[in-house]
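Here the structure comes first, spelled out in structure tokens, and everything after it is commentary.
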Amino acid sequence: MLNSLKTFVYFLALASYVNGSPAPSSPNPNGKGNGKSGKDSVPQAVNSVELNGVTYVNKGLVGFGLIPSDFVESTGDTLGGIGSAIDFKFGTFKASKGKFTGTLVVSPDRGFNLNQTIDYQSRRHEIDFVFTPYYGTANLSFANAQTTLQLTYKMTILNWDRHHVKTSGLSPIAVRPPQAGYPFKALADPEMPVASKAEPHLSIDAEGIVHLRDGSFWLSDEYGPYIYRFATDGSLIQTIQPPNAFLPRDARGNLNFTSDETLATGRVGNQGFENLSLDRKNNILYAMLQSATLQDGGLDQNTSRYTRLVAYDVSKPTKTRPKLVGEWVVPLPQTKKNKTLASSDIHFVSPGIFLALARDGKGRGDSNDESNYKQADLFTINGATDIHDTKFDDPAHPIAIDGVLDPSIKPATYVPFVNYLDTAQLAKFGLHDGDPDDRTLIDAKWESLALASVNDNDYPNDYFLFTASDNDFLSTHGISLGQPFDAGVDVDNLQMGGNAFAALLSTEAFPRMPPAVYYALKDRLLPQISRLYKHVAVPFEAPEKTTYGDVDFIVAGPLTIMNTQETVDQVNAPHKIVQAAIGAQYANLMDGNRTSNFAVPVDVGEWTMFGHGAEEEEARRLVEDGIIYYQVDINVCTDKEEFERTIFYQAYGDLGMIMGLLARNIGLALGEKGLKLPDPPNPPIELSQSFDEILKFMGWSMDTWKAGFSTKKAVFEWVGSTKFFDPRMFRSHGEGFRKVKADRKMYAEFVQWAEEKNTGAGEKRRKRTEEELQELRNLALVHFNKKIIFNALAQEREQRAGFRQVWNGSRVRDWAELGNHWKGVKLIMDAVRKRLGGEEGVAKFYGKDGEDGIRRVVLEEKKCLSLASDIRDEASVATSTEDGLARGITNLAVV
């Protein structure tokens, strides 16, 4: 299973106690839940906080779902980054018999931009969901947990600039003048961030979304930072420009919307309007910066905590331009080292009360696995100072200096609330924080919130909080603008909210199987499944295992079978045919190359023939209807090669993970896709997908692996036989170890075994130095004949970096001797691009002719445009360039 959009759902009582008196709160909303033995379970309070005399209760995580990182949407691009902004499509959230259905409207940010921003058209997707809250206390498996929130992609709608021109994700390096009538006409645009003068289409880095009754929607953006309103068909309706203090300006006071340069005042690059929410009753739209503005201390994490929240009256936006009606200072949380934890989203709760999603950037998708802070907190602006239309809207008057707030300002009150890193809550859904870095590791970037009532009139204060992660389009099988890419890691789009069949059956309905029962079931089903797939196998079981929770089949190559209703037709075996073939009563079916789960009933007395009749009777006694099941998981692989890699990596329990740990200790990454050399922030280098070759490099015997292991100690000794094994690298205690011990018993036992080996040697635990790791990485590159490729890529990146140092506005200004007159600089750069074939053409020219060649062309274009050196005022630049531009463009054709 690849990683993708992930979503959590939490159950919250927002006003459980008001001024000390209890408010109604449903113990189990909308009827039956899916707790133990099919009976209703009561969601228990995890924690509570008080704010403004009201107690708010977190009743825990009750749902989890994901969309794989390699899922392709209707435009042909990878469906990524969709946790950047989410909302419920207006009027779709409905409840029925303990289940909830609806449609999420989601917006990605600016596409896959690991190395640089791209011309990615802004868009929104619609995703249908079926949410079955899990209120039980037993821990679900990762696969089972996903059935509590089932997500189905529906459609994609592209967003368009004026005159049906495509929007872009490129960092804007030009400013489009305001439309006629601005600011007096409600729909006229202010100055707009555009990709370039040559391509003056609107650049958007979307981070917040609010869907409206009429199908239109508000979208907040980081480049502006602006708030846009788009129609149902994606066409731009209007733009809200915030006060001057928010707008990015250079030292001369000019607007500059780029995210690639450090400016003088306004929002910090990539820290714009990350947060957006609507008070629907009063039609007040709220937007908040991710952290402090430049003048308020935003460049330093130690001083960037005082961010700004603004409010606009949008009751009649098409008739009257949305009016600024409020502005407040919100103090963001900080780490123990006083580093600010920026806010990724807010959600209106009640007048003056908001949820805020603050987090660090650690977790799946980051180089650091262990997160310290990911929370949906609460803050109130009731009693805070409203600074709108005051001197603080002028960037010359900061609200804070060196992290100290102006004493005339009372900030919002901020309290911690829902902790996403709660170990027990994550474990309930098969997830964890910290080592190991696998598909069950919590994602790094949680960026959006959506709040829905449980729809119970008797309990009006009970809500479900949907929260989603932004996977940054990280996929090893991605597609961007029609081109494939490998980001080096698969990070699922996760959603969290509230056994594979937890919505239907209790955990007790799936008793663990004695070995004799397990092997008999495997032997019985193997021929049935082999009739449907060309390649079928069960990974070698972990040694010394006394019971089994399920049977895992790995398959590939669906066979063509006769359609039983119309024998003329032949079809590839679908999941329903598999379900019938193995006699499963229930199934959780996953489209594509994923793992589907099947519940196969256990015949009464079936275990007796294996000498386990008493265990069967006890298992049946624990469930209400006396019916028990086998869980059968079928993992469908894309091809034979993936099938063979999966079989190898999943063999012998946690052995694949243990091997991955050894590889990580020498600076490499080993997984089901083979061995890679991480090269952050660049994509990793693929060393080999052949486990035969990988084992040769590591010094592990494939013959021993094939012969099998009778004990876990034999597995550990085989792992320890590699020349790269150093017991000083391991520990069997500490927070990271504790978090994986329950679910990864064999993995944990190996680490303990390794530590005991080191204890015997009497040496202290150590880490390899960077020099040692570099030597080992180089050894791997040479062994797999990847050294030349690695060096070529490094040289290419070095050339790109050199090109960026040479080809920029400051260097062109110095060559052309234009002082601080940037309009002339911009005209020259646009002319050079046009002459040499765009930015790529300029880069190729630099690779051939170097800095001297670029400088020569710049000076030629300056001459063509009739620009004078060291012009003293901007007006003279404009006059000279307007007269010379026509001559310059004509001359381009003959230079």
Exercise. With side-chain contact (heavy atoms from CB on, under 4.5 Å) as the test, would you mind laying out the steps for Val130 and Thr152 before giving the verdict?
Key: CA-CA 9 Å; Val130 177; Thr152 304; over 6 Å; no

Quiz item: Should Thr103 and Asp128 be marked as a side-chain hydrogen bond (donor to acceptor under 3.5 Å, both in side chains) after you check the CA-CA gap, both sets of side-chain angles, and the distance that decides it?
Solution: CA-CA 4 Å; Thr103 300; Asp128 291 339; 2.7 Å; yes

Looking at [X] and [Y], would you say the former's side chain and the latter's main chain have a donor-acceptor pair under 3.5 Å?
X	Y	result
Lys374	Lys362	yes
Glu642	Thr638	yes
Tyr649	Gly656	yes
Glu616	Gly605	yes
Gln146	Phe142	yes
Asp433	Ser371	yes
Lys712	Glu749	no
Arg620	Gly626	yes
His612	Ala614	no
Trp718	Ser701	yes

Quiz item: Salt bridge check: are Asp437 and Arg364 linked by an N-O gap of less than 4.0 Å?
Solution: yes

[Y] and [X] aromatic ring geometry - parallel, tilted or perpendicular at 30°/60° bounds:
X	Y	answer
Phe93	Phe466	perpendicular
Phe716	Trp753	tilted
Trp705	Phe648	parallel
Phe464	Phe100	perpendicular

Find the distance between [atom1] ([X]) and [atom2] ([Y]) and round it off to the nearest 0.5 Å.
X	Y	atom1	atom2	result
Phe429	Ile442	CZ	CD1	12.5 Å
Phe131	Lys99	CZ	NZ	12.0 Å
Asp633	Phe553	CG	CZ	10.0 Å
Thr608	Glu617	OG1	CD	7.0 Å
Leu662	Leu670	CG	CG	9.5 Å
Asn635	Asn597	CG	CG	10.5 Å

Exercise. Show your working on side-chain hydrogen bond (donor to acceptor under 3.5 Å, both in side chains) between Asp438 and Thr440 and close with a plain yes or no.
Key: CA-CA 5 Å; Asp438 62 12; Thr440 66; 2.7 Å; yes

Self-check item: Result of checking Leu695, Thr722, Leu675 against Met659 for side-chain contact (heavy atoms from CB on, under 4.5 Å)
Solution: Leu695

Contact check, side chains of [X] and [Y], non-hydrogen atoms, under 4.5 Å:
X	Y	answer
Phe691	Arg645	yes
Val719	Trp700	yes
Phe129	Leu149	yes

Quiz item: Residues in side chain to side chain contact (heavy atoms under 4.5 Å, CB included) with Ala584, at least two apart?
Solution: Gln579, Ile582, Phe598, Val600

Determine all donor-acceptor pairs shorter than 3.5 Å in which one atom belongs to a side chain in residues 522-529; sequence neighbours excluded.
from: Lys522; atom 1: NZ; to: Glu541; atom 2: OE2; distance (Å): 3.0
from: Arg524; atom 1: NH1; to: Glu606; atom 2: OE2; distance (Å): 3.1
from: Gln528; atom 1: OE1; to: Arg531; atom 2: NH1; distance (Å): 3.1

